[in-house]
Amino acid sequence: MADIIELREAIATHVSDGDFVALEGFTHLIPFAAGHELIRQRRRRLTLARMTPDLIYDQLIGAGCADALIYSWGGNPGVGSLHRLRDAIEHGWPRPLSAREHSHADLANAYVAGAAGLPFAVLRAYAGSDLPKVNPQIRFIECPFTAERLAAVPALRPDVTVIHAQKADRKGNVLLWGILGVQKEAALAARRVIVTVEEIVDDLDAWPNACILPGWTIDAVCAVSGGAFPSYAHGYYARDSRFYTAWDAIARDRETFSDWIERYVLATDDFAGFRRKFDETHGVAA
Amino acid sequence: MADIIELREAIATHVSDGDFVALEGFTHLIPFAAGHELIRQRRRRLTLARMTPDLIYDQLIGAGCADALIYSWGGNPGVGSLHRLRDAIEHGWPRPLSAREHSHADLANAYVAGAAGLPFAVLRAYAGSDLPKVNPQIRFIECPFTAERLAAVPALRPDVTVIHAQKADRKGNVLLWGILGVQKEAALAARRVIVTVEEIVDDLDAWPNACILPGWTIDAVCAVSGGAFPSYAHGYYARDSRFYTAWDAIARDRETFSDWIERYVLATDDFAGFRRKFDETHGVAA
Amino acid sequence: MSGSDFSTEEIMTVAAARRLPDRAVCFVGIGLPSAAANLARLTHAPNAVLIYESGPIGTRPRVLPLSIGDGELAETADMVVATPEIFRYWLQGGRVDVGFLGTAQIDRFANLNTTVIGDYVAPKVRLPGAGGAPEIAACAREVLVIVKQSARSFVEKLDFVTSVGHGEGGDHRQRLRLPGRGPTAVITDLCVMEPDAHSRELTVVSLHPGVSREQVECATGWPPRFAADLGITPAPSSRELDTLRALQARSAAAHGAQPQAGAA
Amino acid sequence: MSGSDFSTEEIMTVAAARRLPDRAVCFVGIGLPSAAANLARLTHAPNAVLIYESGPIGTRPRVLPLSIGDGELAETADMVVATPEIFRYWLQGGRVDVGFLGTAQIDRFANLNTTVIGDYVAPKVRLPGAGGAPEIAACAREVLVIVKQSARSFVEKLDFVTSVGHGEGGDHRQRLRLPGRGPTAVITDLCVMEPDAHSRELTVVSLHPGVSREQVECATGWPPRFAADLGITPAPSSRELDTLRALQARSAAAHGAQPQAGAA
């Protein structure tokens, strides 16, 4: 049963140093508020999984939260490289990061296998690619009926999955819509689940066959309005593409990055504090 | 691209004697009109797949359309046995029926594998059960990571899948809602797809992330109002449970059954004709 | 406290319902299991989460469904997903606390046959088949079986093992690496049985009021074991009986009692 | 007929767009592929079905998406499914006619590297990685590659094979049992290349207007083959250019040209 609590408490209760954590959201509904809270609470030695480790993981990695990364595409969408991710892989700053690289189809299937209680997933993939040479977690099996050779990848089963969604009701049932990504699978694959939501309502007013996670599959639901900023929440606010563009210059330099994290994340109390500080410095009317 | 045509033409064009055909619909949206049309056009030697071969397959089997059946639960829901199915398996009337029996989880996964372009599905199933002893299509494989033993079943790939849905638009995009069963997977697993719908509309007015089959995945869309009778179409009409109850007596006796099929199906032109005849004889106001 | 008069089916349904804990996630078969699970929900287990294999999760039907996919189940559910997802993410995914099953035949280790009476290839009676039962029996954390008791249904040896209960007994389930604990109770119209802690053989733990040991022995195809502290199943309370009868009356009215689609 | 003046990127985008048949189901990568696929949709291929890996199917974005999961893609789509379904039912299921990919490195058999420059373990540059490309390259019925040409990107030997084009050439794809036919064209800012019918080695089939063979040779890390009937890529029509420019102007306006979230 979902506890409806503050994000600070949810992270403190459910995420420990050394945990295997997935923060998912496929350019939509990225749980930035939860990412900041992990940085603020100085979580260390996390293994982070995410199909698309964009700015949220650049921040976590640059802030020294992670020892390992499982991913399939690491970039700043529409802008370029993730400088903190590259610096960690290429130069071990601020600490070495071991990276295990897959393809999108692989990780999507690996979350499905995790959600489905299977130890592995089967997919048509990787024949002729070099990825299996550098990733021992990619293997091949034979179809027992046709003798076809297919790829097999281990299920992803995070200790904690964190996602952001549009709405929850007071029982902690969560509704999301629009670009769904792998959030439902990542949540169902995890041992513990934290969901931040734009708002908590009396009634979800969900349409038939909507994408819902029932409250009894979730450990903590936290109301964090704007919690996906600078990504977007369909029906609530648009993506702040300027933030993504500006991130390139911030993340390119270690000191500029560290100052940014200090000022906007570590020196603020919570995500609302971050937004106030950010809006002040960037001339946005409150 | 879906042709929007009459059901008679769709069956004539897309279903041949000897085809492997799946008519799906999990107590909801059962494509009875299409089943009747197969009987009316006297299709023979079909291999029929269906998780729950209820009245629709009792009719097809009793009418001599099928040589083989792939299924996981054969009964008249809430009433009892399927007498025509049993008579065909137990006594070969009106012709021998070879039956291959699976579990629901197996067939659901087999359709998923078919839709996903995989030759087989993996599931936690059948350990200790006698079903693998009588069904050589159930095998076991070992997880390449954990060495766990899991069941493997071949993908289902029907020549033709027929489903009933609530709405299509004029491009043949189909929307269904409520109890979805395995219809989407069965359709995507098939070489050819026929969809009967309650109505064809200008705009589906679908909500976010609704269950839709795009027109370009479908061969024929046919408007057949009431085409799921006596099952139901959520938002249109309720299940006629009395029909299911009454079916028991009709199907119990070969002659009574044959008279019923002759009178209501073979002697009528189409499903609307069936409904007129049925309503006349059962005192329902037109 | 207790209803003065009740049928054997009523006490069976009530005794089964009592076994469903509040807040349990319950995978429900149609028929007797569905009646018991909904009675539980309407009495002591208002927060039980009922899942049917057709797709509804957290459903609260106002009347008992006739079929596993009645519209009522969808209309009153927290959510409705496709059938493959039910079996993949919800049952196999390990989210089901209690699987509630019926059966045609059962043996002393609570293995279930819903496939065939007689030889598989030349059957005496072909039963409906496996449906969702084998994987419910395998994957649910525990399984409750509700079945009318007779020497024809409680057999020395199953004609066919459709769904595994405790296999050959003892630690056979663990050796088969089945995820769930298997059947924890079999509730009949005569008694309640539980598997022995070690042998896993079904043991009568309580007789329904007015039922004798001899009746149970006559209705069991093997010499049944009785618990040392054999009890009497508490009679249905008037709340239980009233709730069950009202539910069944609503259901009968909703589904229509009389056949209509008769032969011409 | 043709626009009098156009950039190399414009003719690349136009030449790529022309390769997308109307009604084709197209799996679209972000960036240049997305611009080309949408230009096709807005000109000669109004019924092309565009699929993005984030979930939208049959999307008709009014502005080019910045990210693979922009809200615009969801709002203008026929339907939006979850990402696992995109890869399982739609791509692997064999429903994609054309995969439209970019790349960082490409070799003479149109194999693609988007993983790393230099050694994998001690990389010179870590590139974004595989994303959806390996399975798009494997499963789409055909693949179009759109990439700016230079000796750094068109290399004799890839540092890493992320996605297989024609492997080692000849029938290597069939031997790998890859479902699709692989790359059928590589469209650059200098020319259009197609694989040779037998060797599958990329062959320049047309030079863009004003581009010389020598320019292509200088921008290719191996001695490129030229078709016997080497042609000139038709210049963009004014309709193509106007449509592309309007699309890009709309997109720039929508996304905002200037950075805002700068360092404090």
Side-chain angles (χ1 to χ4, degrees), chain A residues 26-28 51-52 71-75 77-78 81 85-86 89-90 99 101-105 108-109 111-112 123-131 134 148-149 178-182 184-185 211 230 232 234 238-247 249-250 256 259-260 263-264 278 281-282, chain D residues 30-31 53-56 65-71 73-75 80-84 86-88 91-92 111 113-115 120-135 138-139 158 160-164 167 172-173 176-179 255-256 258-264:
Chain A
F26 209 85
T27 80
H28 178 214
M51 289 180 65
T52 54
Y71 77 111
S72 43
W73 192 89
S81 284
L85 184 154
R86 280 184 51 185
I89 294 182
E90 295 169 16
E101 220 172 333
H102 299 254
S103 72
H104 277 354
N109 274 286
Y111 279 126
V112 167
L123 66 160
R124 283 188 194 282
Y126 292 128
S129 166
D130 282 344
L131 278 159
V134 298
E148 280 171 272
R149 188 167 173 266
I179 301 286
L180 300 174
V182 292
K184 179 170 172 175
E185 285 75 15
C211 181
Y232 73 104
H234 207 125
R239 186 172 186 266
D240 187 338
S241 296
R242 290 171 304 178
F243 190 105
Y244 283 77
T245 311
W247 183 254
I250 298 167
T256 314
D259 288 350
W260 193 95
R263 176 169 190 163
Y264 289 107
F278 183 84
T281 13
H282 295 82
Chain D
I30 209 69
E53 63 198 15
S54 58
L66 258 188
S67 86
I68 199 82
D70 276 15
L73 295 172
E75 277 162 22
V80 181
V81 303
T83 294
I86 283 286
F87 284 105
R88 290 161 57 82
L91 179 61
Q92 186 177 265
N111 301 299
N113 172 19
T114 54
T115 299
Y120 187 81
V121 178
K124 200 169 143 210
V125 180
R126 191 77 167 212
L127 300 168
E135 287 75 36
C139 295
L158 296 182
F160 193 94
V161 179
T162 313
S163 305
V164 178
H172 196 198
R173 271 190 81 90
L176 290 170
R177 302 191 63 154
L178 296 170
H255 298 311
Q258 293 310 311
Q260 178 222 22

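Everything quoted here is computed from the prediction, not taken from an experiment. Letters go in sequence order (proteins before strands), and every chain restarts at 1.
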Rounded to the nearest 0.5 Å, what separation is found between the [atom1] atom of [X] and the [atom2] atom of [Y]?
X	Y	atom1	atom2	answer
Leu176(D)	Tyr126(A)	CG	OH	15.5 Å
Ser67(D)	Leu73(D)	OG	CG	7.5 Å
Asp70(D)	Ser54(D)	CG	OG	8.5 Å
Thr114(D)	Leu127(D)	OG1	CG	7.0 Å
Asp240(A)	His282(A)	CG	NE2	9.5 Å
Leu66(D)	His255(D)	CG	NE2	4.0 Å

Please rank [options] by heavy-atom pairs under 4.5 Å with chain D and give me the top one.
options	result
Ala108(A), Ser241(A), Pro230(A), Ala105(A)	Ala105(A)
Ile179(A), Asp130(A), Thr27(A)	Asp130(A)
Ser103(A), Gly78(A), Pro77(A)	Ser103(A)
Gly75(A), Ala249(A), Gly128(A)	Gly128(A)
Cys211(A), Gly181(A), Gly178(A), Ala125(A)	Gly181(A)
Leu180(A), Asn109(A), Leu85(A)	Asn109(A)

Between [X] and chain A, with a heavy-atom cut-off of 4.5 Å, which part of the residue counts as in contact: side chain, backbone, both or neither?
X	value
Asn111(D)	neither
Phe160(D)	both
Arg88(D)	side chain
Val121(D)	neither
Val161(D)	both
Ala82(D)	both
Pro65(D)	neither

Given a strict heavy-atom distance threshold of 4.5 Å, which part of [X] is in contact with chain D: side chain, backbone, both, or neither?
X	value
Val112(A)	side chain
Arg124(A)	both
Tyr111(A)	neither
Leu131(A)	both

Looking at [options], which one has more heavy-atom pairs under 4.5 Å with chain A than the rest?
options	answer
Gly69(D), Ala74(D), Gly31(D), Pro56(D)	Gly69(D)
Ala122(D), Ala138(D), Gly132(D), Gly55(D)	Gly132(D)
Ile30(D), Ile86(D), Thr162(D)	Thr162(D)
Leu91(D), Thr83(D), Val80(D)	Thr83(D)

TODO: Give me the ring orientation class for Tyr264(A) and Trp260(A): parallel if the planes are under 30° apart, tilted from 30 to 60°, perpendicular past 60°.
DONE: tilted
Open item on the list: Against the six-membered ring of Phe278(A), is Arg263(A) placed for a cation-pi contact (under 6.0 Å from the centre, within 45° of the normal)?
Closed with: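 The answer is no; the distance or angle limit is not met.
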- [ ] Applying side chain to side chain contact (heavy atoms under 4.5 Å, CB included), run through Phe87(D) and Glu53(D) and close with a yes or a no.
- [x] CA-CA 7 Å; Phe87(D) 284 105; Glu53(D) 63 198 15; 3.7 Å; yes
Task: Backbone of Gly71(D) reached by a side-chain donor or acceptor of Tyr232(A) within 3.5 Å - done: yes
Open item on the list: Treating Glu101(A) as the side-chain partner and Tyr71(A) as the backbone partner, does any N or O pair qualify as donor plus acceptor under 3.5 Å?
Closed with: no
TODO: Tell me whether the centres of the aromatic rings in Phe26(A) and His104(A) are closer together than 6.0 Å.
DONE: yes
Open item on the list: Before you tell me yes or no, could you show the steps for Glu90(A) and Arg126(D) under side chain to side chain contact (heavy atoms under 4.5 Å, CB included), namely the whole-Å CA-CA distance, both residues' side-chain angles and the distance that decides it to 0.1 Å?
Closed with: CA-CA 7 Å; Glu90(A) 295 169 16; Arg126(D) 191 77 167 212; 3.4 Å; yes
